[in-house]
Every structure is written in structure tokens, then in C-alpha cells.
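Inspection log for the structure reproduced underneath, given as C-alpha cells.
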Amino acid sequence: MQLNFSGLRALVTGAGKGIGRDTVKALHASGARVVAVSRTNADLVSLSKECPGIEPMCVDLGDWEATEKTLGGVGPVDLLVNNAAVALMKPFLETTKEDFDRSFNVNLRAVFQVSQIVARGMISRGVPGSIVNVSSMVAHVTFPNLAVYSSTKGAMTILTKFMAMELGPYKIRVNSVNPTVVLTAMGQKVSADPEFSQKLKERHPLRKFAEVEDVVNSILFLLSDRSASTSGSGILVDAGYLAS
Ligand code: NDP
């Protein structure tokens with residue numbers, strides 16, 4: 001998809017690896033200035049070499065104070081991709097307070113915090129904006145050992161609608177993308193058992209998982225004016241899984 005984001009500044013969280021990293025590359029290639037936020041500095045160093053001119057910011061988004069310190073003065077942002085997440089795999093009965101807190105702090109609380117910082121800036125500048133929350137198909141269906149992770153994504157569904165409702169009057173659109181398994185580091189972890197992985201794939205009407213590029217394309221579409229009348233919504237990138 002050929003989109004032009006020249007003149008716009010984007011912020012992508014979880015930019016070091018996987019979907020976030022390729023989102024940064026696609027936005028950079030489409031003319032945006034990009035703030036790349038992630039936890040491991042080495043990832044940001046290598047990404048900066050691939051995409052000269054991006055602005056790397058290294059922070060643990062699960063730490064509210066550190067995030068405020070790092071991103072509080074981030075300056076004008078027109079496009080935001082809330083992508084960073086952790087997928088802790090545990091059965092419901094074995095999930096600890098620490099698992100719960102870490103998952104919700106990174107996957108949901110940081111979405112609140114970063115979006116507040118960015119949206120306040122958009123409103124004070126009087127400019128329109130677009131925010132994409134990277135969710136998952138497990139916001140809608142169960143998956144083995146992902147009770148707490150899925151809960152963060154389920155909560156993200158209603159948060160996306162609230163943000164769309166409250167920010168819409170300021171011409172800020174908010175949507176989500178909801179992928180099935182994508183074979184990044186995270187996707188390989190949740191589908192590690194080859195037999196389970198094969199059976200899962202066969203349950204998808206398209207008999208495949210999603211590619212990183214498929215997810216990035218949907219993110220870029222929702223960031224762009226091509227989706228100008230879409231807000232509070234979500235795009236399933238699930239190879240038909242929810243229809244199965
Ligand atoms: P990866 O684990 O491959 O990459 C996640 C990135 O986010 C890493 O760069 C990681 O940095 C960063 N990150 C994680 N925690 C933090 C934190 N506390 N602070 C700052 N950065 C952080 O994941 P994916 O690319 O696969 O996932 C991206 C998004 O897509 C997530 O929201 C995920 O829930 C969603 N998704 C993924 C699916 C999949 O199968 N892969 C399926 C459906 C949805 P570091 O490695 O340094 O911690």
C-alpha cells in the first residue's frame with residue numbers, strides 16, 4: 001500500500017522487534033518522522049542504522065514514572081501506534097499478582113499514559129490525529145495459557161471505544177488491529193508446540209497465520225486518511241479465525 005505520511009510525526013511503542021519494528025520502517029519509508037520507543041537499547045541502535053533520522057527513546061513502559069520522564073516532553077505527535085506488549089503464558093489458576101500487574105501495566109496502563117500525553121498535545125495544537133492500538137484476536141476468543149494477556153486485550157477493546165468517543169470531537173480517531181498468531185518472537189512462543197501450531201493453523205479458514213506485513217498494512221491504513229470515517233473500530237487480521 002503506497003501511503004504518504006510526509007510532514008507528520010509518528011510515535012511507535014515496542015519499536016525494537018517484530019510488528020513495531022516493521023511499523024517504524026514502513027512509516028519511515030512513507031515519509032513520516034518517527035519516534036521509536038522500546039525497552040532494549042541495542043534494538044533501537046540497530047533500528048536507527050536501518051532508518052536514519054528516527055528518534056529512539058529507550059524506556060520500560062511498565063514504569064509509569066520513567067515513561068513520564070522519557071515521553072512527557074515528546075513534542076508534537078500526529079500518529080500513535082500503541083504496540084508494546086508482553087505475553088506471559090500461564091494457566092488462569094497459576095497466574096500471580098506479579099504476572100497480572102506486569103501484564104496490565106505494559107499492555108494497558110501504558111496505552112492510557114502514552115495516549116494521554118499524545119492526545120493532550122494534539123488537542124493543544126488543534127490538529128487532527130490517528131491512534132492505533134495493537135490488540136489481538138484473543139480480545140474476542142480464548143487461547144491456551146493466555147488468560148491475563150487476553151484480559152489486557154479484551155480491556156483494550158472497550159478502551160479503544162472510550163478513546164474514540166472522548167477524542168472524536170477533537171478529530172482524533174482511535175482504532176485497533178486484532179491479529180491472529182504472527183511468527184515474531186512473541187508468536188513463536190505462544191505457538192511453540194508443533195502439533196498444536198499445525199492444528200491451530202488448520203482451524204483458520206485461510207489455513208495460515210498472519211504475516212507481519214499484513215498487520216503493518218492494516219496499521220498504516222488506520223493511521224491514514226484512507227480510513228477517515230473509521231473510529232472506535234477494529235480490523236481483524238486473523239486469516240478468518242473468528243469466522244471458524
Ligand atoms: P515482540 O515480542 O516480537 O516485540 C515486542 C516489542 O515490544 C519488543 O521490541 C519489546 O522490547 C517491546 N516491549 C515489550 N515490553 C515493553 C516495555 N515494557 N517497554 C517498552 N517496550 C516493550 O512482539 P510482537 O511484535 O509479536 O507484538 C507486537 C504487538 O502485536 C503486541 O501488542 C502483541 O500483543 C500484538 N500481537 C502479536 C501477535 C503475535 O502472534 N506475534 C498476535 C496478536 C497480537 P523488548 O524485547 O526489549 O522487551
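Whatever order the structure lists them in is the order used to number ligands and atoms, beginning at 1. Here, residue 1 is the first one in the sequence, and each next residue gets the next number.
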Short N or O distance, P179 and ligand 1, threshold 3.5 Å exclusive:
no
Should R102 and D60 count as an ion pair when the cut-off is N to O under 4.0 Å?
yes
Steps toward side-chain contact (heavy atoms from CB on, under 4.5 Å) verdict (V148, F92):
CA-CA 7 Å; V148 72; F92 166 72; over 6 Å; no
Would S135 count as a contact of ligand 1 if the rule is a heavy atom under 4.0 Å away?
yes
Output yes when R33 and E55 qualify as a salt bridge under the 4.0 Å nitrogen-oxygen rule, no when they do not.
no
Does any N or O in the side chain of N107 come within less than 3.5 Å of the main-chain N or O of F104, such that one atom is a donor and the other an acceptor?
no
Distance filter under 4.0 Å to V181 heavy atoms, resulting ligand 1 atoms
40 (O)
Step-by-step side chain to side chain donor-acceptor pair (under 3.5 Å) determination, T180 to H204
CA-CA 9 Å; T180 180; H204 290 66; 2.7 Å; yes
Do you know which of I172, N175, N133 makes side-chain contact (heavy atoms from CB on, under 4.5 Å) with M163?
N133
Candidates M186, M57, M137, R102; heavy atom nearest atom 37 (C) of ligand 1 found on M186
Of the backbone atoms (N, CA, C, O) and the side-chain heavy atoms from C-beta on, which set of M156 has a member under 4.0 Å from an atom of ligand 1: side chain, backbone, both, or neither?
neither
Check each of I19, N83, N82 against atom 29 (C) of ligand 1 and report the one with the nearest heavy atom.
N83
For ligand 1, which part of K153 has a heavy atom less than 4.0 Å away: the side chain, the backbone, both, or neither?
side chain
When you measure from atom 6 (C) of ligand 1 to every protein heavy atom, which one gives the shortest distance, and what is it?
G14 O, 3.5 Å
Which protein non-hydrogen atom lies closest to atom 22 (C) of ligand 1, naming both residue and atom, and how far is it?
A84 CB, 3.8 Å
By number and element, which atoms of ligand 1 are closer than 4.0 Å to a non-hydrogen atom of L61?
17 (C), 18 (N), 19 (N), 20 (C)
Please confirm whether the ring centroid of Y241 lies under 6.0 Å from the ring centroid of F143.
no
Tell me which protein heavy atom sits closest to atom 40 (O) of ligand 1, plus the residue, atom name and distance to 0.1 Å.
V182 N, 2.8 Å
Salt-bridge contact E65-K69 (side-chain N to carboxylate O under 4.0 Å)
no
Tell me, which protein residue and heavy-atom name are nearest atom 38 (C) of ligand 1, and how many Å apart are they?
T180 O, 4.1 Å
Looking only at protein heavy atoms, which one is nearest to atom 18 (N) of ligand 1, and how far off is it?
D60 OD1, 2.9 Å
Per-atom contacts of ligand 1 with V134, taking only distances under 4.0 Å to non-hydrogen atoms:
29 (C), 30 (O), 32 (O), 35 (C)
Counting only heavy atoms not in E213, do more than 12 sit closer than 6.0 Å to its CD atom?
no
A student checking ligand 1 against T40 at a 4.0 Å heavy-atom cut-off should list atoms 45 (P), 47 (O)
Check the pair R9, D78 against salt bridge (charged side-chain N to carboxylate O under 4.0 Å, His left out), reporting the backbone distance first and the verdict last.
CA-CA 5 Å; R9 188 158 175 260; D78 307 285; over 6 Å; no
Part of N178 within contact of ligand 1 (heavy atoms, under 4.0 Å)
neither
Linking directly or through intermediates, with side-chain heavy atoms under 4.5 Å: list the remaining ILVMFWY members grouped with M165, chain and number order.
I158, F162
For ligand 1, which part of S191 has a heavy atom less than 4.0 Å away: the side chain, the backbone, both, or neither?
neither
Under 3.5 Å: N/O of V190 near N/O of ligand 1
no
How close does the nearest protein non-hydrogen atom get to atom 11 (O) of ligand 1, and which residue and atom is it?
S38 OG, 3.6 Å
Part of F209 with heavy atoms under 4.0 Å of ligand 1, whether side chain, backbone, both or neither
neither
Set of residues satisfying ring pair (Phe, Tyr, Trp, His ring centres under 6.0 Å) with respect to Y149, sequence neighbours excluded
none
D101 CG: over 12 foreign heavy atoms closer than 6.0 Å
yes
Check ligand 1 against G62 and write out every atom of the ligand that is under 4.0 Å from a heavy-atom position of the residue.
18 (N)
Numbering the atoms of ligand 1 from 1, which are under 4.0 Å from a heavy atom of G16?
9 (O)
Under the side-chain contact (heavy atoms from CB on, under 4.5 Å) test against I131, which residue among L167, T160, V77, L222 passes?
L167
Under 4.0 Å from any heavy atom of V59, which atoms of ligand 1 are there?
19 (N), 20 (C)
Give the atoms of ligand 1, by number and element, whose distance to some non-hydrogen atom of G18 is under 4.0 Å.
3 (O), 25 (O)
side-chain contact (heavy atoms from CB on, under 4.5 Å) between L61 and T13, worked out
CA-CA 9 Å; L61 291 163; T13 70; 3.7 Å; yes
Proximity to ligand 1 by part of V106, non-hydrogen separation under 4.0 Å:
side chain
Quick one: which of Q188, R21, K17 has a heavy atom closest to atom 45 (P) of ligand 1?
K17
At what distance is the nearest protein heavy atom to atom 36 (N) of ligand 1, and which residue and atom is it?
Y149 OH, 3.6 Å
Kindly determine whether K153 and T157 satisfy side-chain contact (heavy atoms from CB on, under 4.5 Å), including the steps that lead there.
CA-CA 7 Å; K153 298 301 191 182; T157 303; over 6 Å; no
Report the part of V212 in contact with ligand 1, treating N, CA, C, O as backbone and CB onward as side chain, heavy atoms under 4.0 Å; options are side chain, backbone, both, neither.
neither
Is there a donor-acceptor contact under 3.5 Å linking the side chains of S115 and N82?
yes
Atom 24 (P) of ligand 1: the protein heavy-atom neighbour that sits closest, reported with distance to 0.1 Å
T184 OG1, 3.6 Å
